[in-house]
Structure formats: C-alpha cells, structure tokens
Amino acid sequence: MKSLHRAWIVAAVAFVAIIGAAGFRATPGVMITPLEDEFGWTRGTISLAVSVNLMLYGLCAPFAAALMDRFGMRRIVSCALLLVAIGSGLTVFMTASWQLVALWGVMVGLGTGSMALVFAATLTDRWFVRHRGLVTGVLTAGGATGQLIFLPVLAHLAEMQGWRWASVTVAAAALAVVPLVWFLLRDTPEEIGLTALGAAEPVVRTPAKGAAARAVRVLRDAARTRHFWYLAVGFAICGASTNGLVGTHFIPAAHDHGMAETTAASLLAVIGVFDIAGTVFSGWLSDRVDPRLLLVVYYGLRGLSLLVLPQLFAATAQPSMLVFIVFYGLDWVATVPPTVALCRRIFGTDGAVVFGWVFASHQVGAAVVATVAGVTRDHLGNYDLAWYGAGVLCLLAALMSSRIVTRVRDRREAAILVG
C-alpha cells in the first residue's frame with residue numbers, strides 16, 4: 001500500500017491554521033451593531049477600524065511572502081496566530097474607538113495578513129507540483145470554512161452573552177492552533193529529505209536575504225507590465241465586493257430590513273458552505289481551463305448578482321435571497337485559484353510575492369469600500385448605492401480579466417510599460 005505523501009499532512013495543518021485565523025475575519029459583521037449600541041459609535045467609525053484591518057491584511061502580505069522565504073513558514077505563521085490571539089483578546093478591555101482601530105485594525109490586521117492567501121500560495125509552490133490548483137482551492141476555502149464554523153457561534157455569543165465573549169472565543173481558537181503549526185508544519189519537503197508531490201527531483205533552496213527589499217523589487221518589476229495591473233485592479237474590485245461590502249455590511253444591512261442578526265449571520269455562513277464547494281471546484285478547473293476565462297465568468301456573474309441584491313432584502317429569509325446566497329457563495333473566493341495560477345504562470349519564481357501584492361490590492365479595495373459603504377449608510381439611510389456600485393465594478397473587472405496575457409508568446413508584448 002502506497003504511503004500518504006507528507007505534503008498532504010502539511011496541507012491539512014495549513015488548512016486548520018487558516019481556519020483559526022479566519023475566525024476573526026468573520027467577526028466584523030457580527031460586532032458592528034453591538035458596538036454601535038454599547039458605545040454609540042457610528043457605522044462609519046466602526047467601519048474605519050475594519051478598513052484598517054483589511055488594509056494591513058493586504059499590505060503586509062507581500063512582505064510576509066518574502067519573510068516566509070527568509071525565515072520559513074512555520075515561524076511566520078506561528079507568530080501571526082499569536083498576534084491575532086493577542087489583538088482579539090485585548091479588545092474586551094477597550095473603551096474608546098481609537099483602541100478598536102489599534103487592536104482590531106492594526107494588530108489583528110498584521111496577524112491575519114502575515115498568513116492569509118500568500119501562505120497558501122507559498123505552501124503549494126513548495127510542496128506540490130501535481131494538484132497545485134486543487135490544493136490552492138482547498139486552502140483558500142479554509143477561510144470560508146472558518147466563516148462557516150465561527151459566524152453562527154459568534155452571532156449567538158454576541159447576542160446572548162455580549163460581543164466580548166465572541167472576541168475571547170476567536171482569540172482562544174487562534175491560540176489553540178499555534179502548537180499544531182509549530183510541531184507539524186515544515187517549510188520545505190527537502191527539509192525532511194523528500195521532494196514536492198509530483199516533482200522529479202529535490203529543489204535546492206537558499207534563504208533569501210533582504211525580504212523587504214525583495215518584495216519592493218518584485219513589485220517594481222511586475223508593475224512595469226500591463227497584465228499585473230489588470231490582475232491587481234481586478235482583484236481590488238474582488239475585495240471590494242466581498243470582504244469590504246458583503247462580508248462587513250451584509251448582516252447590518254439585513255438587520256436594517258428587520259432580519260434578526262443570528263438569521264443574517266447564518267445566511268452569511270451558508271455563503272461559506274457554498275464558497276468551499278465553489279473554491280475547490282475552481283481550483284480543480286484552474287488545472288484544466290484557461291484561468292483568464294474563469295476570472296471573466298466569475299466577475300461577470302458576481303456583478304449581475306450584486307445588481308439584484310437590494311431587491312432581495314426582507315425581514316425573513318425569502319426563497320429569492322436563498323438563491324442569491326447559493327449563487328454568490330459559489331463565486332465568493334473562486335477567483336483566488338485562477339489568480340494564483342496566473343501569477344505563477346506569468347511571473348515564475350516570483351509568483352508568490354507578486355500574488356502578495358495583488359492580494360494587497362484586494363484588501364485595499366476591501367478597506368476603501370468597507371468605510372465608503374458605512375458612510376453611505378450613515379448619510380442615505382440604506383446601502384443600495386453601495387450594492388449597485390459594486391455590481392458595476394465587477395463587470396469592469398470581468399472586462400479587464402479578458403485582457404490579461406496568458407500565452408507564452410504574448411509575454412514580450414505584455415511587458416510593454418504601462419502608459
């Protein structure tokens with residue numbers, strides 16, 4: 001009987017670690033209304049902390065990818081989980097909005113951003129040659145799994161016991177994963193005398209020095225190509241339409257229409273269920289179908305779904321809303337595997353770091369829209385303009401994705417400087 005390759009064990013540990021970090025990513029929508037009620041802070045103020053979190057979550061990603069090359073995944077991910085646990089745990093003592101920004105925004109943003117999707121990209125690049133797209137999809141779905149696990153629990157805790165219990169639960173979950181990562185995760189297969197799954201021979205890796213300098217150099221080189229900007233702007237729109245808008249404001253928007261927060265949180269968790277299926281299937285497709293075509297389809301369908309969402313909100317979960325939840329869930333982060341595949345295909349060994357920058361743009365888009373949507377709600381009394389705007393932007397992202405260069409013979413043409 002053929003033994004299980006160690007790559008699968010490493011991937012399983014990474015999946016659990018991503019779930020642990022994803023717990024806090026699931027809390028903004030659950031905590032907006034309780035914080036608003038207890039402290040009297042506006043949604044714009046609370047959304048600012050969410051925006052800082054999302055911004056740092058993305059901006060530190062490329063540096064985290066370079067740091068993983070320099071110091072190893074195990075050390076960086078363990079430290080990241082500790083930072084998430086400390087930041088989320090300390091929020092129970094806050095009394096002012098600047099503390100929310102410092103803890104929820106800065107500390108947790110840095111912690112979650114130090115692993116996130118660049119962790120998945122780095123791990124699959126080192127441990128897998130065969131099944132890379134599939135494993136990328138599974139690891140990406142770990143975030144959705146965390147949402148599925150934590151959202152109903154956190155919503156119930158916030159409603160019955162108060163938001164502080166929700167924060168402590170997330171801190172404990174992230175902390176519990178640290179020993180698992182430290183003892184079972186390994187940086188490369190060569191470290192334990194193996195080769196990557198599907199590789200013909202071992203790869204000799206030399207730890208890179210100057211992680212920050214390398215990250216900046218890779219950005220400088222990649223930014224000279226048009227296809228980098230198509231990827232980056234498209235992924236910024238992806239972040240704006242998911243984490244920034246739906247992930248942050250779906251629950252309070254549903255509450256505005258009379259729906260109980262626990263019901264809205266459960267619907268968001270259902271998005272996570274279908275997100276897992278959609279992302280894994282997308283990873284499988286990325287090994288077989290032109291990734292550019294996949295992005296065009298994903299962004300186009302997401303845009304159309306967001307344009308009809310304002311008409312679906314009601315005091316109860318109507319069949320039409322359930323159809324949206326299923327459809328949107330399948331498309332939530334299905335964009336990640338083809339985006340990772342394109343970064344690897346176009347930028348080669350720098351692909352993981354390039355994806356870190358592309359992911360940074362994802363979070364910048366999410367951060368901007370998280371605040372803009374909150375301010376829009378404060379001034380207009382509803383989120384309709386935010387939903388429509390995001391839908392139109394997604395259609396624009398589909399158009400840009402169709403322009404990405406994927407064929408090897410087109411790369412010289414794609415290397416023309418922007419402008």
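The figures here come from the full heavy-atom set of this structure, side chains too, leaving out hydrogens, waters and symmetry mates. Computed from a prediction, not measured in an experiment: that's the story for all the values here.
Surrounding CH2 of W165 are at most 12 heavy atoms belonging to other residues, nucleotides or ligands under 6.0 Å away. Surrounding NE2 of H255 are at most 12 heavy atoms belonging to other residues, nucleotides or ligands under 6.0 Å away. Annotation for W98: atom CH2 does not count as buried by contact number, only 12 or fewer foreign heavy atoms lying within 6.0 Å.
Take V289 and apply the side-chain contact (heavy atoms from CB on, under 4.5 Å) test, not counting sequence neighbours, and it matches L285, L293, L294. Under the rule for a side-chain contact (heavy atoms from CB on, under 4.5 Å), the partners of F274 that lie at least two apart in sequence or sit in another chain are V270, V326, L330. A search for side-chain contact (heavy atoms from CB on, under 4.5 Å) contacts involving V372 returns V368, T376, not counting sequence neighbours.
Counting only heavy atoms from C-beta outward, the side chains of T335 and R302 approach each other to under 4.5 Å. You'll find the side chain of L399 reaches within 4.5 Å of the side chain of S402, heavy atoms only. Using a 4.5 Å heavy-atom threshold, the side chains of E190 and L194 count as separate. H227 is not listed as a side-chain neighbour of R292, based on a closest heavy-atom distance of 4.5 Å or more. Between V354 and R344, every side-chain heavy-atom pair lies at or beyond the 4.5 Å cut-off. Residues F327 and D331 form no side-chain contact, since every pair of their non-hydrogen atoms from C-beta on lies 4.5 Å or further apart. Using a 4.5 Å heavy-atom cutoff, the side chains of L139 and T124 are in contact. For the pair W127/W8, no side-chain contact is recorded, criterion being any heavy-atom separation below 4.5 Å from C-beta on.
Comment: R75 does not engage D187 in a salt bridge, judged by the lack of any side-chain N to carboxylate O separation of less than 4.0 angstrom. Using a 4.0 Å cut-off between a side-chain N of Lys or Arg and a carboxylate O of Asp or Glu, R130 and D287 do not qualify as a salt bridge. A salt bridge is defined here as a Lys NZ or Arg NE, NH1 or NH2 lying under 4.0 Å from an Asp or Glu carboxylate O, and E191 with R6 fails to meet this definition.
Listed by first then second residue, pairs satisfying side-chain hydrogen bond (donor to acceptor under 3.5 Å, both in side chains) with a partner in residues 386-395 read Q311-Y388, not counting sequence neighbours. Within the structure, every pair that satisfies the ring-ring contact (aromatic ring centres under 6.0 Å, His included) test and touches residues 284-307, not counting sequence neighbours, is listed here: F281-W284. Annotation: salt bridge (Lys or Arg N to Asp or Glu O under 4.0 Å) contacts involving residues 346-362, sequence neighbours excluded, comprise R214-D350.
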| task | Start with the C-alpha distance between V52 and V106, add both sets of side-chain angles, then the distance that settles side chain to side chain contact (heavy atoms under 4.5 Å, CB included), and finish with yes or no. | result | CA-CA 6 Å; V52 172; V106 177; 4.0 Å; yes
| Yes or no on ring pair (Phe, Tyr, Trp, His ring centres under 6.0 Å) for H362 and F359, after CA distance, side-chain angles and deciding distance? | CA-CA 5 Å; H362 180 282; F359 179 66; 5.5 Å; yes
| Does the side chain to side chain contact (heavy atoms under 4.5 Å, CB included) test come out yes or no for L185 and L123, once each step is laid out? | CA-CA 10 Å; L185 185 65; L123 184 142; 4.0 Å; yes
| said: Applying side chain to side chain contact (heavy atoms under 4.5 Å, CB included) to L82 and L175, what does each step give before you reach the verdict? | reply: CA-CA 6 Å; L82 286 172; L175 192 61; 3.6 Å; yes
| request: Carefully, step by step, assess S97 and T45 under the rule side chain to side chain donor-acceptor pair (under 3.5 Å). | output: CA-CA 7 Å; S97 59; T45 298; 6.0 Å; no
| task | Take V181 and V177 through the test side chain to side chain contact (heavy atoms under 4.5 Å, CB included) and record every step on the way to the result. | result | CA-CA 6 Å; V181 169; V177 180; 3.9 Å; yes
| task | Let me see the working for F250 and F313 under ring pair (Phe, Tyr, Trp, His ring centres under 6.0 Å), right down to the final yes or no. | result | CA-CA 10 Å; F250 179 85; F313 282 111; 5.7 Å; yes
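Across all non-hydrogen atoms, the minimal contact from N243 to A366 is CB-CB, 4.0 Å. The nearest pair of heavy atoms linking A80 to S114 is CB-CB, 3.7 Å. Shown here for L35 and W163, the closest heavy-atom pair between the two residues is CD2-CE2, 3.7 Å. Here the closest heavy-atom approach between residue R186 and residue M73 is recorded as O-CE, 3.6 Å. Across all their heavy atoms, A370 and T248 have their closest contact at CB-OG1, 4.3 Å. For F235 against S361, the heavy-atom pair with the smallest separation is CB-OG, 4.1 Å.
Between the CG atom of L267 and the CD1 atom of I325 there is a distance of 5.0 Å, given to the nearest 0.5 Å. To the nearest 0.5 angstrom, L312 atom CG is 4.5 Å from S320 atom OG. Note that the OG atom of S47 and the CH2 atom of W41 stand 12.5 Å from one another [nearest 0.5 Å]. Rounding to the nearest 0.5 Å gives a distance of 12.5 Å between CG of L110 and SG of C79. Distance check: L309 CG to L245 CG gives 8.0 Å after rounding to the nearest 0.5 Å. In this structure, CG on L393 lies 8.0 Å from OG on S241, to the nearest 0.5 angstrom.
Between H249 and Y383, the ring planes are tilted. Angles from 30° to 60° get that label.
Here the side chain of Q99 pairs a donor or acceptor atom with the backbone of A96 at under 3.5 angstrom. Listed for the T122 side chain is no donor-acceptor partner under 3.5 Å among the backbone atoms of F119. Between the side chain of S282 and the main chain of G278, no donor-acceptor pair closer than 3.5 Å is present. A distance-only check finds a donor-acceptor pair linking the side chain of H5 to the backbone of T195 [under 3.5 Å].
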